[in-house]
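Here's the structure we're looking at; comments come further down.
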There are 2 protein chains.
Amino acid sequence: METRSDDFYPTRLERPSEAFGRLDPVIHSTGTDRSQGPLSETELAQYDRDGFLVFNNFLDPETVRRFREDLRAYENDHSVLRSEGTITEPGKQEIRSIFGIHELSERFDQLTRDPKILAIVHQLLGSDAYIHQSRINFKPGFHGKGFDWHSDFETWHAEDGMPRMRAVSFSIALTDNTPFNGPLMLVPGSHKTFVPCVGRTPEDNYQSSLKKQELGVPNDRDLGRIVDQQGIKAPTGPAGSLIIFECNTLHASNANMSPWPRSNLFFVYNSVENQLDQPFCGNKPRPDFLGNRSATKALQPVNTGDLQKTG
Amino acid sequence: METRSDDFYPTRLERPSEAFGRLDPVIHSTGTDRSQGPLSETELAQYDRDGFLVFNNFLDPETVRRFREDLRAYENDHSVLRSEGTITEPGKQEIRSIFGIHELSERFDQLTRDPKILAIVHQLLGSDAYIHQSRINFKPGFHGKGFDWHSDFETWHAEDGMPRMRAVSFSIALTDNTPFNGPLMLVPGSHKTFVPCVGRTPEDNYQSSLKKQELGVPNDRDLGRIVDQQGIKAPTGPAGSLIIFECNTLHASNANMSPWPRSNLFFVYNSVENQLDQPFCGNKPRPDFLGNRSATKALQPVNTGDLQKTG
């Protein structure tokens with residue numbers, strides 16, 4: 001495989017290559033676009049330094065309850081269970097993730113167009129944005145498996161053709177995050193370094209990688225050095241908490257060893273100025289539910305002041 | 001398989017059976033044996049209630065360092081690597097556990113006969129005691145796997161013929177325990193309930209169960225109820241910390257998601273009045289390195305005030 005001249009973050013290589021500093025800003029807005037909020041300079045500085053921000057009680061309990069009811073309804077909906085975007089636990093009808101949830105759920109769609117959220121996204125990405133991927137995750141008590149350390153950008157670049165680091169993820173907890181139900185773990189500051197990964201990507205890699213990621217995982221030496229220097233944070237908090245994290249922030253989660261399920265809403269904004277190209281790994285693009293190529297116009301805000309009254 | 005009339009804790013059953021309250025005291029000493037220390041009444045009450053106690057900085061850093069050096073030496077010692085008591089990671093030379101370590105290491109043997117430790121053991125078990133099992137555990141960075149929830153007594157009763165709950169485990173950390181390197185997790189108060197487990201025990205079950213325990217694991221319903229009511233604690237602390245836990249306390253550990261290895265010394269005292277019988281699961285006894293039947297005389301204290309000067 002030849003490296004393309006427009007590939008600023010070569011990965012899935014034949015042999016190991018040194019990690020290097022990111023080539024893109026972390027916060028893309030400037031001037032009044034940056035200074036007029038909604039995030040304060042302190043919050044922006046923290047996001048710039050750590051690669052993530054945490055807001056407890058972002059969604060009110062009633063809205064959380066309605067999203068959880070939706071999730072339960074999906075578990076009994078055969079058309080949802082059979083859809084390609086629904087990933088079940090190996091050999092079971094138990095849902096692990098439903099992708100493309102913003103197209104399935106009016107409530108979720110409205111949430112992604114919440115004016116305050118879009119204003120934050122605009123401030124971070126320095127432009128309008130659209131949804132690159134959305135999903136609802138479900139990690140059942142005792143049996144939910146973990147995910148190894150990875151950068152989402154590494155996969156989105158290699159397998160979806162996302163050119164630059166100009167995307168941001170929102171994760172909203174629908175259950176309390178405790179230290180024991182496999183919460184999201186992040187490495188503060190890791191978003192500043194790109195770690196090229198070794199290994200050619202098979203076609204349709206996503207069919208196995210959504211259950212267990214084998215490719216696009218940094219080697220132990222690079223990972224060990226970064227984590228040892230920068231540490232690990234696992235924000236805990238009540239249902240309704242929001243974690244915003246930069247697309248290149250290393251993250252992982254451990255198995256759920258508790259009886260308490262863990263579910264969350266997850267959606268990724270990509271800048272309209274960072275539209276997907278051909279995948280840099282050389283394969284054909286992944287399906288739309290993983291890397292959206294069809295609805296990439298700037299999202300327009302809708303008033304969701306009373307999200308809980310929908311549906 | 002018929003249940004023996006001397007089996008007070010039937011387990012490995014053909015069909016599910018209700019959990020029931022333990023038939024043995026948690027603290028076996030009475031009168032002055034109990035009141036003269038070394039544990040205070042407050043500590044005893046806590047052990048009685050929770051099933052465990054934590055002492056940070058129990059071993060000094062120099063002693064910890066020497067034990068870690070010993071561990072490194074074992075990793076390069078072919079006779080240790082080939083011994084039946086050495087469990088390596090699947091397909092690797094990397095040590096996961098070395099059993100029978102008190103017979104291999106003068107330093108460890110002395111530690112198990114430390115006068116203060118033996119006095120605590122006497123206070124908890126109400127008698128002299130001997131080592132039922134000892135081992136050193138090693139959970140490497142990133143690749144150390146977890147262990148599901150279990151009661152050690154359940155296995156020792158079924159597979160080793162330990163008649164009653166009159167044993168206590170000591171776990172001493174040789175590395176810092178952090179929330180992210182797979183620390184020991186315990187369920188406070190779980191030692192008060194015996195949860196019979198389902199499933200006939202295959203002969204030589206230990207050859208696979210030491211890598212991944214499938215039998216002797218409570219069902220999700222019982223486990224969920226107990227953990228949900230009583231919670232989970234994962235003591236963290238610096239290298240040298242000691243956790244004492246009752247033989248029936250439910251415990252587990254998650255995978256090591258950090259670059260920081262986790263190793264500890266682990267040794268179990270059984271009361272000399274609670275000698276092993278034929279295994280209650282009906283199989284032949286496990287090897288001595290797992291359930292010692294040959295050196296079961298009361299341990300005599302040795303002065304280890306300067307453990308670090310040995311060897």
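Residue numbers begin at 1 in each chain, while the letters A, B, ... track the order of the sequences.
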Non-hydrogen atoms of chain A under 4.5 Å away: do they reach the side chain of B:T178, the backbone, both or neither?
-> neither
Compare every heavy atom of B:W260 with every heavy atom of A:I232, then report the nearest pair and how far apart it is.
-> CD1-CZ3, 4.0 Å
Under a 4.5 Å cut-off applied to non-hydrogen side-chain atoms, are A:L223 and B:P259 in contact?
-> no
Around B:K233, counting heavy atoms of other residues, nucleotides and ligands shown, do more than 12 lie under 6.0 Å from its NZ?
-> no
Under 3.5 Å: donor-acceptor pair, side chain of A:W149, backbone of B:M257 | yes
Check whether any side-chain N or O of B:D220 sits under 3.5 Å from a backbone N or O of A:F142 as a donor-acceptor pair, and report yes or no.
->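 Not a single qualifying donor-acceptor pair exists.
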Out of A:I226, A:N254, A:V227, which one racks up the most heavy-atom pairs below 4.5 Å with chain B?
-> A:N254
